[in-house]
Amino acid sequence: MTQPVSPPRSGTGKMTPVSEPPAWRALLFRADVRTLSLLGVLAALIVIGGITRPDEFLDTRNLQLVLTQASVVGVVTVGMTFVITSGGIDLSVGAIVALASVWATTVATQEYGFAGILFTAVLVGVGCGLVNGVLIAYGGVVPFIATLAMLASARGLALLITEGRTQIVTVDGILSLGERDAYVLGIPPLVLVFAAVTIVGWLVLNRTTFGRRTVAVGGNAEAARLAGIDVRRQRLYMYLLSGLCCGIAAFLLIVLSGSGQNTNGNLYELDAIAAVIIGGTLLSGGRGTITGSVLGILIFTTITNIFALNNLQSDVQQIAKGAIIVAAVLVQRRTPSTTT
Amino acid sequence: MAPEPPLLTMSGITKSFPGVRALDGVDLDVQAGEVHCLLGQNGAGKSTLIKVLAGAHQPDDGTITWRGEPVTLKSPIAAMRLGIATIYQELDLVEGLSVAENVHLGHEPTAAGFVVRGKAAKESTAALLGRLGHPEIDPARLVGDLSAAHQQIVSMARALSHEVRLIVMDEPSAALDPDEVDNLFRIVGDLTADGVAVVYISHRLEEIRRIGDRVTVLKDGRAVAGGLPAESTPTREVVALMTGRNVEYVFPDRPPAPPADGTPVLQVRGLARDGEFEPFDLEVRPGEIVGLAGLVGSGRSEILETIYGARKPTAGQVVVDGRPLRLGSVRAAVGAGLGLAPEERKAQALLMLESVTRNVSVSSMSRFARGGWIDRGAELAAARAATRELSLRPDNPSAPVRTLSGGNQQKAVLARWLLRGCRVLLLDEPTRGVDVGARAELYAVIRRLADDGLAVLLVSSEVPEVLGLADRVLVLREGRVVHTAPARELDEHRVLDLVMEGSPVASDGSPVAGEGSPAS
């Protein structure tokens with residue numbers, strides 16, 4: 001640009017360089033490319049599974065199993081997407097799932113039947129989220145530290161409750177939910193719950209003031225504050241929401257396994273965070289995509305399944321997951337017009 | 001002066017940044033043992049010039065001669081090796097390291113090449129601090145635990161830990177108390193007596209008179225005067241050099257009759273924040289633009305942010321429409337009808353990843369929502385109406401806000417408050433980062449908003465902007481309102497006199513610092 005020497009023109013000072021329409025189109029295009037590439041990876045995995053284990057992989061029961069497994073950690077991932085979009089992180093999700101699942105399956109809780117188990121799981125999840133949220137939003141504790149502390153204490157409490165024993169569920173209503181008779185049009189109820197959580201999460205993030213505030217707080221907390229948004233309250237809500245999702249996931253896990261264990265939800269935090277990042281949500285906050293996160297978790301679960309069908313050990317799975325995370329992040333950094 | 005060649009000669013230094021020519025052929029020569037003062041308004045190019053001298057910026061054109069030989073300053077290290085040290089206004093110390101570690105950072109005394117000899121470092125640091133008149137600073141203390149003034153001393157010790165022939169000081173007195181300023185001047189005297197040259201940047205003319213030998217004045221990226229005698233050049237002449245400009249701003253006409261009789265919508269009573277600004281009163285009526293003029297550090301932005309609730313005052317009251325505001329709460333201020341266009345637009349106002357629409361609607365989302373559910377059609381229509389009202393370009397509310405020019409980004413911030421229906425608009429440096437050509441349009445927009453009944457409180461470091469746009473002006477100096485008058489009765493020279501030297505006409509000319517402390 002050159003310095004105008006003549007006096008400035010009055011009227012419209014059209015200063016915008018030519019890059020304006022291509023820029024926003026590029027942004028749209030980029031969002032599409034990201035989703036499409038995730039779908040492409042998923043499709044490629046299905047092809048690989050179909051080729052290496054043609055009989056087992058494409059079997060209806062196996063596909064139902066993959067989706068069911070994805071559902072539990074998937075619900076957690078939806079909550080994690082909100083937390084990360086707001087610029088935070090929640091390391092305690094796996095531990096909260098464990099605590100909620102054992103608290104909801106104690107002998108005392110099971111006396112209250114189906115509703116007692118569901119209510120307890122959700123309440124414990126929200127309670128843990130409340131502690132996280134208050135510490136972070138009003139106590140000024142860094143999210144990494146606050147949720148790391150919750151990770152340690154929730155796991156410890158879960159072990160204390162169970163004394164290391166598996167708590168078998170004897171409530172019929174719970175057990176029958178996991179049986180084939182309960183499937184709706186061949187879809188397990190757990191998968192339906194996951195689908196419902198995903199849809200609600202997408203709508204809340206993309207279509208409500210709550211979602212907008214989440215994105216604003218994550219994108220620029222100072223600007224959000226000066227625009228009149230209650231940044232601290234919004235941060236509190238994020239961890240409450242994540243805790244709620246953990247409670248729902250704990251309930252799904254109880255249905256799936258017919259038990260509560262203090263080892264439940266192990267490393268969920270890693271899978272959930274990795275899926276969110278692979279999906280295209282910015283780790284620094286300000287941009288989030290539920291669709292991407294869900295595709296990310298489906299990719300992870302499918303890989304695990306294919307590896308298991310091919311008799312590869314879990315150590316190899318972990319290495320492959322690590323490689324995928326790095327590859328996904330590198331690919332995203334190379335997508336065109338990363339100007340900001 | 002002396003017949004020997006100058007220590008440093010910079011000639012024809014040119015440096016452009018995207019959209020701005022920061023330096024346009026600047027000449028500067030510095031003799032060994034002199035204090036050479038650099039004067040100029042904000043944006044005149046002082047910072048860019050010293051960054052070139054420090055090796056932090058590479059000039060596009062021009063030559064630098066050091067002790068008779070042409071040199072290129074490729075990096076800060078290259079400049080340091082020649083003996084050029086820079087003390088920046090924003091101190092560049094590592095708070096988590098000790099005083100001694102900071103002083104020797106990058107050139108630690110070592111044994112066997114890599115083992116830091118901590119004791120030797122501490123001893124030489126203690127010697128340096130003693131020389132600087134502050135033997136009480138413990139070299140083992142963490143820099144983060146020191147006061148701002150002591151940090152400045154450490155920064156200076158760091159500069160002196162090298163073999164130094166030229167020291168650049170960028171507003172070194174800004175963070176200092178009067179007696180510490182005296183100590184600073186003593187140090188400067190010692191240095192020059194040893195033959196070290198000092199390039200001294202300050203806004204305070206009286207300091208320049210006390211310690212300066214010669215003065216170079218920068219304006220709009222050019223040196224308009226070089227090597228003036230610091231003691232004998234009249235203040236008027238210096239101020240005239242600083243302000244005479246070739247780009248004239250076009251300001252909109254003021255309404256014929258200023259609305260002096262209306263009920264004020266914003267009233268500030270005795271508002272103060274310890275260490276930032278002293279109690280002051282202020283009233284703004286609908287349709288009126290009130291300007292706050294003052295230098296960086298005079299408390300301008302702090303005042304705006306305190307009125308807006310982003311900082312909590314230590315005393316006073318903010319009243320909007322006759323109702324006192326809950327202090328220290330942005331939400332209360334926004335709820336009462338205040339809106340702020342902050343100084344750092346990108347860091348404090350804009351959601352850079354988002355579209356224009358979302359940036360405009362962020363403060364009024366609930367208006368388009370039922371039960372939290374956003375009616376995106378209504379939102380888009382309202383955002384489009386607000387941005388069209390301000391003729392924001394491009395006329396596309398879906399465009400990402402980061403693709404807009406500075407002036408249009410500012411319009412997006414204004415549109416946010418227009419949409420919200422705010423009654424009092426607080427503008428902090430509204431034309432910062434806005435091209436000269438687009439400023440006139442922004443001025444017209446601000447005046448039109450006032451004509452439509454908004455009360456506007458404007459802060460700017462550019463005196464002509466305040467005088468041209470505001471109806472009434474408050475002049476600030478170091479946290480104190482030193483003068484209030486209708487803009488018509490002031491001119492730029494008078495305001496700069498007030499801003500830099502207190503009130504030479506009204507008061508007896510004694511330093512303001514003496515009467516200082518609590519005024520209410």
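So that the names make sense, note that chain A is the first sequence line, chain B the second, and so on, each numbered from 1. Just so we're clear, the structure is a prediction, and the values are computed from it rather than from any experiment. What's counted below: heavy atoms across the whole structure, side chains too, no hydrogens, waters or symmetry copies.
Counted within 6.0 Å of CZ on R326(B), heavy atoms from surrounding residues, nucleotides or ligands total 12 or fewer; the atom is thus considered open. Within a 6.0 Å sphere centred on OH of Y138(A), other residues, nucleotides and ligands contribute more than 12 heavy atoms. R232(A) CZ: 12 or fewer foreign heavy atoms inside a 6.0 Å radius. The neighbour count for F210(A) CZ, taken as heavy atoms of other residues, nucleotides or ligands under 6.0 Å away, is above 12.
Between chain A and the residues G309(B), P342(B), A347(B), the most heavy-atom pairs under 4.5 angstrom are made by A347(B). Contact count against chain B (heavy-atom pairs under 4.5 Å) is highest for T208(A) among L282(A), V215(A), T208(A), I229(A). By number of non-hydrogen pairs under 4.5 angstrom with chain A, the leading residue of D375(B), L442(B), I374(B) is I374(B).
Electrostatic pairing of E379(B) and R212(A) counts as a salt bridge here, judged by a charged N lying under 4.0 Å from a carboxylate O.
Proximity to chain A (any heavy atom under 4.5 Å) is restricted, for S361(B), to the side chain, taken from C-beta onward. Only the side chain of Y308(B) comes within contact range of chain A, with heavy atoms under 4.5 Å apart. At a 4.5 Å heavy-atom cutoff, the contact between A310(B) and chain A is made by backbone and side-chain atoms alike. Only the side chain of L340(B) has a heavy atom closer than 4.5 Å to any heavy atom of chain A. Of the atoms belonging to E344(B), not a single heavy atom falls under 4.5 Å from chain A. Contacts of A444(B) with chain A are absent, with no heavy-atom separation under 4.5 Å from either backbone or side chain.
The CE atom of M352(B) lies 9.5 Å from the CG atom of N220(A); values are rounded to the nearest 0.5 Å. One distance of note links CZ of R287(A) with CG of L353(B); it measures 5.0 Å at 0.5 Å rounding. In this structure, CZ on R213(A) lies 5.0 Å from CE on M365(B), to the nearest 0.5 angstrom.
Heavy atoms only, all atoms of each residue included: V334(B) and G228(A) are closest at CG2-CA, 4.0 Å. Across all their heavy atoms, A369(B) and T209(A) have their closest contact at CB-CG2, 3.5 Å. Closest approach of R416(B) to A227(A), counting heavy atoms only: NH1-CB, 3.8 Å. Taking each heavy atom of V330(B) and R225(A) in turn, the nearest pair found is CG1-O, 3.2 Å.
Between W373(B) and L203(A), the closest side-chain pair of non-hydrogen atoms falls below 4.5 Å.
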